[in-house]
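Working notes, beginning with the structure itself.
Side-chain atoms are counted along with the backbone in the values below, which use heavy atoms only and exclude waters and symmetry mates.
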Amino acid sequence: SEGYFRRGTKMCTKCLNYINVKERLNEIIIEKYGNKASLDGIFNPSLYFTPNRIRIAFVNMETYAKKEETAWSPVLEPFNTQFIPEDANTALSVIRDNFSSILNDEDGNVSGFGYFNLSKRAKEVINGNTSSDPVALKKAYEADKDFFWSSLHISVPEYIVFGGTFGYVWDDLLDQYGSYFYPIRFTKDQKLNDYPEKQFSVWKMEEKPFPILIQTYHPSCPENVFAIIPRAINEIKNGSYILEKYEVK
């Protein structure tokens, strides 16, 4: 149902629901972490929720900040109309460079997608070290996963791309979606099956069409395969795949 306006922008009910809930979540995160809170969400929700548009969410790790600095937030306000700028960080640059064919706005900018981090608190940069520690990140995810899953669910993504983060959420998938996920094997574009599982794999529930989960390395890793993901999505849309069912123990 169209006809809603917020800050001068026409929005559908799903879009307004996302903005209202995300604003409340952001308030809680800021209250919890202060200036170290790192906010994320959807780039241009009005575009993201446009009917018949593909909805993609990217899940990465965490942002960084020096002790005396305020954390950087990929998406500062839930109602933003941002697109990926030329001076974007590595993760956003990889998305911009590889998804322009399916995530352009009317002006040719890459926008209208979800961008989420496992941790809602910025990691402090110590002596220039910006790499994420797996143990610390797992603890951060456990502390913040209610925020993470709440934000993801209200975004109702069709495709979720995990950039080096799939292993952190694997144990929670059954609880979150009420179903097991099985790997997809492509039947037409056979080359999509040739990658090691951790470098590229696609997962789907048997009885529900979405979300479809895509695993690859972090965008900053040279072994990530973000470039082939739009191709894989096209094969899925064409139905050129099967589920590799296995017995769940």
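- With a 4.5 Å cut-off on side-chain heavy atoms, E23 and I19 count as touching.
- Summarising the geometry, atom NZ belonging to K145 is positioned 14.0 Å from atom CG belonging to L152; distances are rounded to the nearest 0.5 Å.
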Please step through side chain to side chain contact (heavy atoms under 4.5 Å, CB included) for the pair I184 and E244, ending with a clear verdict.
CA-CA 6 Å; I184 277 178; E244 291 195 322; over 6 Å; no

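- In this structure, the side chains of I233 and I214 come closer than 4.5 Å at one or more pairs of heavy atoms.
- Shown here for S155 and I42, the closest heavy-atom pair between the two residues is OG-CD1, 3.7 Å.
- S220 contributes atom OG, which lies 7.5 Å from atom CE of M61 (distance to the nearest 0.5 angstrom).
- Taking the six-membered ring where the residue is Trp, F210 and Y159 present perpendicular rings, their angle passing 60° and hence far from 30°.
- A cation-pi arrangement, defined by a distance under 6.0 Å to the six-membered ring centre and an angle within 45 degrees of its axis, is present between K245 and Y182.
- Going from atom CD1 of I30 over to atom NZ of K120 covers 13.0 Å, rounded to the nearest 0.5 Å.
- Side-chain atoms of R96 come within 3.5 Å of backbone atoms of P85 as a donor-acceptor pair (strictly under, hydrogens ignored).
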* Go through F58 and F116 one step at a time and tell me if the ring pair (Phe, Tyr, Trp, His ring centres under 6.0 Å) criterion holds. => CA-CA 6 Å; F58 299 88; F116 302 94; 9.9 Å; no

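- No salt bridge links D144 with R121; every basic N to acidic carboxylate O contact stays at or beyond 4.0 Å.
- With respect to K22 and D40, a salt bridge is recorded, a charged nitrogen being found less than 4.0 Å from a carboxylate O.
- In this structure, F148 and N117 approach most closely via the heavy-atom pair CD1-O, 3.8 Å.
- The CD atom of Q199 lies 8.5 Å from the CG atom of N224; values are rounded to the nearest 0.5 Å.
- Not a single donor-acceptor pair under 3.5 Å links the side chain of T216 to the backbone N or O of F226.
- T165 and V59 get closest at one heavy-atom pair: OG1-O, 2.9 Å.
- Between F83 and F43, the ring centre distance reaches or exceeds 6.0 Å.
- Closest heavy-atom contact between L103 and G112: CD2-O, 4.0 Å.
- Between F186 and F200, the angle of the ring planes stays under 30°, which puts this pair in the parallel group of the 30/60° scheme.
- For the residue pair A88 and I84, the shortest heavy atom distance occurs at CB-CG2, 3.6 Å.
- In the hydrophobic clustering of ILVMFWY residues, with side-chain heavy atoms under 4.5 Å counting as a link, L173 and Y180 come out together.
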* To do: Any chance you could lay out the side chain to side chain contact (heavy atoms under 4.5 Å, CB included) test for V94 and D97, step after step, and finish with the verdict?
  => CA-CA 5 Å; V94 169; D97 294 344; 6.0 Å; no

Just do the side-chain hydrogen bond (donor to acceptor under 3.5 Å, both in side chains) check on D172 and Y141 with the steps written out, would you?
CA-CA 11 Å; D172 293 324; Y141 166 67; 2.6 Å; yes

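- Under the 4.5 Å side-chain heavy-atom criterion for Ile, Leu, Val, Met, Phe, Trp and Tyr, V202 and Y217 are members of distinct hydrophobic clusters.
- Under a 4.0 Å N-O distance rule, the pair R231/E235 does not qualify as a salt bridge.
- By the 4.0 Å N-to-carboxylate-O rule, D133 lies too far from K123 to be salt-bridged with it.
- Neither I29 nor Y64 shares a network with the other; the hydrophobic side chains, linked directly or stepwise wherever heavy atoms of I, L, V, M, F, W or Y lie under 4.5 Å apart, form separate groups for each.
- Linking ILVMFWY side-chain heavy atoms closer than 4.5 Å, directly or via other members, places I242 and L213 in two distinct hydrophobic clusters.
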- Query: Run the ring pair (Phe, Tyr, Trp, His ring centres under 6.0 Å) check on H153 and Y18 step by step: do they pass?
  - Reply: CA-CA 9 Å; H153 289 322; Y18 161 79; over 10 Å; no

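- Of the residues F162, W170, F181, the one that meets the ring-ring contact (aromatic ring centres under 6.0 Å, His included) test with W203 is W170.
- The backbone N or O of S240 sits nowhere less than 3.5 Å from a side-chain atom of N238 that would complete a donor-acceptor pair.
- Residues I212 and I160 form no side-chain contact, since every pair of their non-hydrogen atoms from C-beta on lies 4.5 Å or further apart.
- Around atom NZ of K208, more than 12 heavy atoms belonging to other residues, nucleotides or ligands sit under 6.0 Å away.
- S111 and R53 get closest at one heavy-atom pair: O-NH2, 2.7 Å.
- Using a 4.0 Å cut-off between charged nitrogen and carboxylate oxygen, E207 and K204 do not count as a salt-bridge pair.
- Atom CD in E206 sits 7.0 Å away from atom CG in L243 (nearest 0.5 Å).
- Each of L47 and V161 belongs to its own hydrophobic cluster when Ile, Leu, Val, Met, Phe, Trp and Tyr are linked at side-chain heavy-atom distances under 4.5 angstrom.
- With values rounded to the nearest 0.5 angstrom, F79 atom CZ is found 11.5 Å from C15 atom SG.
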